[in-house]
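The structure under discussion appears below in the form of structure tokens.
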Amino acid sequence: MSAFNLLSEPIRKYIRDQRWESLRPIQEAAIQKIIATDNNYVLISRTASGKTEAAFLPILSKVNFKEKGVKVLYISPLIALINDQFMRVEKLCEYLDVPVTKWHGEASKGAKDRLIKAPEGIVLITPESLEAMFVNKPYHIHHLFSTLDYVVIDEIHSFLGSDRGIHLQSLLQRLQKVNTGKFTTVALSATVSDENNYAELKDFLGDPEHTKVIRDTTPKPINAVFKYFEGQTKELPLDLLKDLYRRTRDSKVLVFPNARGKVEEVAVRLKKLSEKVGGHANYFSHHSSVDKEVREYVEFFAKKSTHENFCISCTSTLELGIDIGNVDEVAQIDATHSIASLIQRVGRSGRREGKSSNLFLYATERWSLLQSLACWLLFKDQYIEPVTMSQKPYDVLVHQLLSVVKGSSGITLDKLIEDLTDNAAFKNISAEEVMEIVDHLTAIDFLEKLGPEYIIGIEGEKVVNTRDFYTLFHTPVFFRVVSQGVKIGELPLSAQTRPDENIYLSARIWKIKDIDYEAKKIEVTPAKDGKKPLFFGDAADTASKIREKMLEILISDDKYDFLDEPGDEIIRQMRKDFSIYEIRSHQTDRPLFSGNDKLKFYSFTGSKINRTLRFMLNRVGIETQFEENESKFELGFSKKSEFISVLKDLNLNTINSDEALAELLDNFPDVLNFSKWGEFLPLKYQIELLKNQYFDFEGCNEFLQNLNCIENK
DNA sequence: GACCTGCTGCGGACTG
């Protein structure tokens, strides 16, 4: 039977009313499988290929909504995505007379209350709101979600490989436990690495044997142009902005300059260029520190603009799912840190059927150009960096321990251990380890033993009873930026935030009038000229494969027809610079330069291995100047044979790493900042976290074993 | 220089 005929009558009517000529390939396949089986499915297909419908059309046809209770739970990483999907799903559900409820921190309380009075239909939720319910209203979890037939997880790749993902995995397991039957899961994603990674995905959904992947690999044509404009100063080159302006003045564009400060610089300077020549004034900025209402206005503007052109300068806030309408072009300024990120960004343009995607890539620095090329070529080879889920997520365990205890208001040790060791998210953590962590939490008053049962302790109450408890990620302190009562955005405190400084924010220029440290508020007034704002943050890690590809480009003589003349010249120069080494294999050979009184070692490997290598060298007394973008270590001595033999002997066996890591934690407690809950673990487990998440000793050892240093001629 | 994500419950003012 055709997929269309498998659908229920109201759903078929919906499709007819939409005047769809046919179902997309991913929809055909998903409908056949989801209707016929009770397997979990992961639907992988590029953006704007109809994945949401591929999941909901068959689920809505299959589920009996006449039964009591909520039947379908949709989980999304973003509030904005929930709001976006709500409109689509609700329109579909009108045909079935099934109610849809948004449940997140900014959703209406009234709608939530109505759902509690009469639990039914479909609920759209975030992992954090689900967590809050487990902690504060565990009876609502039973009341609302014990009759689920389906759980749909959107943008699942954004959860993979992170603590937030382990958290969600744990919540899904806890949810399955309260379910009277067994719910089926359908996960959606645009960017997941190939077969290697399907194991991670299947594990994530908790039942690998009954989890299948449906993938549509139909490519979308992408027109790419790479350009090089050398950046001499801290500001972006004017010529680059002029070129960007010329190319995009008559279209709808997203620009991704990688950092919030640069996002503001691009928005303000392009707007000025446009003003000068009487072009449109629709230049916006969009990132996490732009006020929410301003961001929503920008999204709304883009969505409703059919004839009017616009340019939004943005960070990864506009990288995921939200359909902001028809975008003609995407401009990326300097390299993305990952291929997945590049794919998502390119996919923002040409969403309309039959339209191709357009990418302008601008590089301002040679290594960034090289990395951009590497990402692009790997993407063309359909390579996406694999992600790995933490095998021993002790930090998430601490959080879930507190959540379970708080939600139970009194639980025995046996039950607590059973709850956590049963949970697939923690399957590699033993009962003994859980017990040890419980003991530690009791010792620091996070838990308290009351007769046979554990409850939250005095110190634990301080942590559990705050808004901040529900998330697995840290957030820095920000000051609100306000002009005459209107909120514009936020800024961190820095040398720049002081009266009379002029700064860009939300694509406009402001003068700082006053700073209220008590109320964490910065009062500003409009100004004519200023500087880009300073933000702090950590650069994301780059995969080893990208660095290897960079070296491969340097030793090949391939020509790239999408690269402009200055870019071509830079690659020629870099190839010449590296021709003094006889590199034969981009996998094992690495350049080692020795000059008068220094050595330069180019590792061409990923951030984690670099970090580990630097730490190990430091342990054997070798101080290095490290440059991540170039994957380069500089040493203040020239004895290259000595350095080569040190590298050969470096491994875990020659360094007492547990002791070394304990020392590191003692001297620099901030290294644990990547983990919000890690600080509440016993030292032994903090060390494990460092080993498993911050460093990569295994990868580093492998790198060193294969390493063949090639000296300059 | 260096991304992003989310958030309870209560009290009180205001609106219809």
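Only heavy atoms go into these numbers, but all of them, side chains included; no hydrogens, no water, no symmetry mates. Convention: sequence-line order gives letters A, B, ...; per-chain numbering from 1. What you are looking at is a predicted structure, and each value in this text was computed from that prediction instead of being measured.
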DNA chain B: 5'-most and 3'-most nucleotides touching chain A, 4.0 angstrom heavy-atom criterion: B:dG1 to B:dG9
So what does A:L472 hit on the nucleic acid, given a heavy-atom distance under 4.0 Å: a base, only sugar-phosphate, or nothing? nothing
When the aromatic ring centroids of A:F301 and A:F284 are compared, is their separation below 6.0 Å? yes
Got a sec, which pairs hit side-chain hydrogen bond (donor to acceptor under 3.5 Å, both in side chains) with one end in residues 457-470 of chain A, sequence neighbours left out? A:N136-A:Y470, A:K406-A:N465, A:E459-A:K462, A:E461-A:N465
Quick check: on DNA chain B, is the nucleotide nearest A:T317 upstream (toward 5') of the one nearest A:R467, or the reverse? Name the residue that is more 5'. A:T317
If only atom types and distance count, is the side chain of A:E385 paired as donor or acceptor with the main-chain N or O of A:S338 below 3.5 Å? no
So A:F473, base contact, sugar-phosphate only, or nothing? Heavy-atom distance under 4.0 Å. base
Across the strands shown, which category fits A:S288 at heavy-atom distances under 4.0 angstrom: base, sugar-phosphate, nothing? sugar-phosphate
Main-chain N/O of A:H143 paired to A:H140 side chain as donor or acceptor, under 3.5 Å: no
Under 4.0 Å between any heavy atoms, over every strand shown, what does A:D538 touch: base, sugar-phosphate, or nothing? Just pick one. base
What I want to find out is whether A:K292 reaches A:E106 closely enough, with some N-O distance under 4.0 Å, to be called a salt bridge. yes
Mind checking if A:K262 touches a base, just sugar-phosphate, or nothing, with heavy atoms under 4.0 Å? sugar-phosphate
Could you check whether A:A540 gets within reach of a base, just the sugar-phosphate, or nothing at all, counting any heavy atom under 4.0 Å? base
So what does A:S129 hit on the nucleic acid, given a heavy-atom distance under 4.0 Å: a base, only sugar-phosphate, or nothing? sugar-phosphate
Look at all strands and tell whether A:N258 reaches a base, only sugar-phosphate, or nothing, counting heavy atoms closer than 4.0 Å. sugar-phosphate
Between A:K531 and A:E501, is there a side-chain N and carboxylate O pair less than 4.0 Å apart? yes
